[in-house]
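Heads up: the structure comes next, in structure tokens.
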Amino acid sequence: MAAVAAGPVFWRRLLGLLPGRPGLVALLGRLSDRLSRNRDRHGRRSPWLLLAPLLSPPVPQVTSPPCCLCPEGVHRFQWIRNLVPEFGVSSSHVKVLSSPAEFFELMKGQIKTAKRRVVMASLYLGTGPLEQELVDCIESSLERSLQANFSSDLKVSILLDFTRGSRGRKNSRTMLLPLLQKFPDQVRVSLFHTPNLRGLLRLLIPERFNETIGLQHIKVYLFDNNVILSGANLSDSYFTNRQDRYVFLQDCPEIADFFTELVNAVGDVSLQLQGDDTVQMVEGMVHPYKGDQTAYCEAANKRVMDVINTARTRQQLLHAQTFHSDSLLTQEDAAAAGDRRPAPDTWIYPLIQMKPFEIKIDEIVTETLLTEAERDAKIYLTTGYFNLTQAYMDLVLGTRAEYHILLASPEVNGFFGAKGVAGAIPAAYVHIERQFYSEVCSLGQQERVQLQEYWRSGWTFHAKGLWLYLAGSSLPCLTLIGSPNFGYRSVHRDLEAQIAIVTENRALQQQLHQEQEQLYRRSGLVSSATFEQPSRYVKLWVKMVTPLIKNFF
């Protein structure tokens, strides 16, 4: 079992062994906090790193033994189904996209052919001509559905962030108002407002900066039974020259139902945009920043966890009916008639992270994957904003797998050239990168942990996720893809969702491998000389401010 480098991981492990001892738990918890603060204050690696081989947390145990009757029981990541629903699909239903243009054209095509539902969750919708083209596609589809001889079944649900979607006089809200006014019974626009932005804080923090407190960051685009999972937002650069990752799940009704229900759940605890550009809450729901914060977060937790747990139970029942039913003759007849789908060789796990609501599934799964990565395994991890949490950094430095971490060079950072304080953000990321690289060197880990910087003329970089290659394998068997950046914001502040794709199919593994290679091919290896370049110069005030603000970007 791979080792854990973090002291906090040790304490979580120890506290888990002390049920019914609240006094001792509280004492150890305070000691853990103090040790963590001291470590951060001194700015050096915790001595817990020396105890790494002894402090590995347990992998979540599988609640039922591996099943010899069905393919779901054979892969090593089946423990994830104890936390979230497991969707078994054929790899032929999974397609990896490679470019913003492909993403944009697929979105338009899917909207035009949607008959029943269009569900879109994003940080925001831009205001340019390409974004208007998307809105026009939605309008045309709604008009066609009304002109049909039967009553319209097409429903459109859009979930965005309130602060980001309300920025400026022309914004996401004004882009979508015509749809709401023209199709009030078919269109829903929900604007999530973090419960942590309230009171004086909400009044004093100016526009743009208020987004640092917390956001709706999920990116899911769903059309009937087809789903696109990505880290890309609905904005022109994401359709043209901003590199991200995208996976298209075709004809996957159970997955589409799950993400529809998830977006609806977050929508139910969000502000509802009205045709006159006002907002109001769903009747009976606690207000996110005017109501009691604890009551709101508890209600939101229940609403989202009900979706996760219901889907998990539903998938378990479907699994039992498919592979453990006594009516084998009926199943054979169905297969002969062509009604039964091919046996799954790929498994999809939705990983949700909503720390404001005390939902931390993605964090648990990611930490476990990093912890369990064996010697000679390879992990390719990429993020547009390199600002790993302390726990993730400790795991990278303390475990035995080989890491290739892809991040944005300053020139392809989304904030490069921005006005005001935001223009210093690329330099702040350089400072964080240099500190991490120095730590890698001080531990003599340069061969095992390598940093690579993406660069492409005229482009920006926003890709995030990881690929896991088991020891001795030249192809990945697992990938994480979605909205999280592995940083403090993703873990603690924002609403995030990604999926873990586990596959035994060589063709799909090859797709994922080619995706990884295509991204890394445009990168250069980071060395000490990298930070001597003029573009890597970091002003003193940026170095001083970065530790204070790094948890907000």
Side-chain angles (χ1 to χ4, degrees), residues 57 59-60 62 72 75-89 94 121 159 215-222 227-232 244-247 249 252 254-263 265-266 300-301 304-312 314-315 346-373 379 381-383 388-389 391-392 395 463-468 476-503 512:
V59 174
V62 177
E72 280 91 336
H75 66 80
R76 64 171 63 195
F77 305 103
Q78 59 186 354
W79 53 266
I80 305 177
R81 71 182 180 191
N82 289 333
L83 302 171
V84 295
E86 176 185 66
F87 301 98
V89 302
V94 182
L159 171 66
L215 293 167
Q216 191 310 107
H217 202 244
I218 297 169
K219 289 82 183 280
V220 176
Y221 309 111
L222 190 156
V227 185
I228 301 174
L229 266 295
S230 180
D244 216 300
R245 297 182 66 209
Y246 336 81
V247 64
L249 308 177
C252 296
E254 293 89 359
I255 300 175
D257 288 345
F258 172 82
F259 279 107
T260 297
E261 292 163 10
L262 178 68
V263 171
V266 178
N301 173 285
V304 173
M305 288 307 301
D306 281 350
V307 170
I308 295 171
N309 291 330
T310 299
R312 182 169 168 263
R314 186 167 61 231
Q315 288 306 114
T346 300
W347 297 269
I348 310 292
Y349 301 93
L351 308 180
I352 313 303
Q353 184 76 10
M354 300 180 180
K355 205 64 163 285
F357 306 153
E358 291 301 318
I359 298 172
K360 42 191 176 182
I361 297 169
D362 182 66
E363 179 185 4
I364 292 170
V365 171
T366 301
E367 285 193 8
T368 305
L369 288 173
L370 298 181
T371 299
E372 292 301 302
I379 291 180
L381 185 151
T382 180
T383 173
L388 301 183
T389 65
Y392 291 163
L395 288 169
K464 68 273 310 246
L466 68 76
W467 302 257
L468 173 60
C477 64
L478 177 146
T479 191
L480 300 183
I481 180 169
S483 65
N485 277 295
F486 305 105
Y488 188 93
R489 286 197 59 125
S490 292
V491 172
H492 295 281
R493 295 186 180 279
D494 298 340
L495 306 192
E496 306 279 9
Q498 64 179 338
I499 56 173
I501 303 177
V502 178
T503 184
L512 296 171

Given side-chain hydrogen bond (donor to acceptor under 3.5 Å, both in side chains), test Q353 with E363 step by step and report yes or no. CA-CA 7 Å; Q353 184 76 10; E363 179 185 4; 3.2 Å; yes

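- Using cut-offs of 30° and 60° on the angle between ring planes, the pair W347 and H75 is tilted.
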Given L480 and Y349, is the side-chain contact (heavy atoms from CB on, under 4.5 Å) satisfied, shown in steps? CA-CA 9 Å; L480 300 183; Y349 301 93; over 6 Å; no

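- When side chains are defined from C-beta on, Y246 does not count as touching I481, because their heavy atoms never get closer than 4.5 Å.
- Between F486 and the choices T382, L370, L388, the side chain to side chain contact (heavy atoms under 4.5 Å, CB included) rule is met once, by L388.
- The closest donor-acceptor contact from the side chain of R493 to the backbone of L215 lies at 3.5 Å or more, if one exists at all.
- Not counting sequence neighbours, the partners of A497 by the side-chain contact (heavy atoms from CB on, under 4.5 Å) test are I218, I352.
- We find the CZ-SG distance between F259 and C252 to be 11.0 Å, quoted to the nearest 0.5 Å.
- Distance alone, capped at 3.5 Å, places no donor-acceptor pair between the K355 side chain and the H492 backbone.
- At least one donor-acceptor pair closer than 3.5 Å links the side chain of T479 to the backbone N or O of L466.
- Without hydrogens or angle criteria, S490 side chain to N485 main chain gives a donor-acceptor distance under 3.5 Å.
- Remark: side-chain polar atoms of R245 are not paired, donor with acceptor, to backbone N or O of G482 under 3.5 angstrom.
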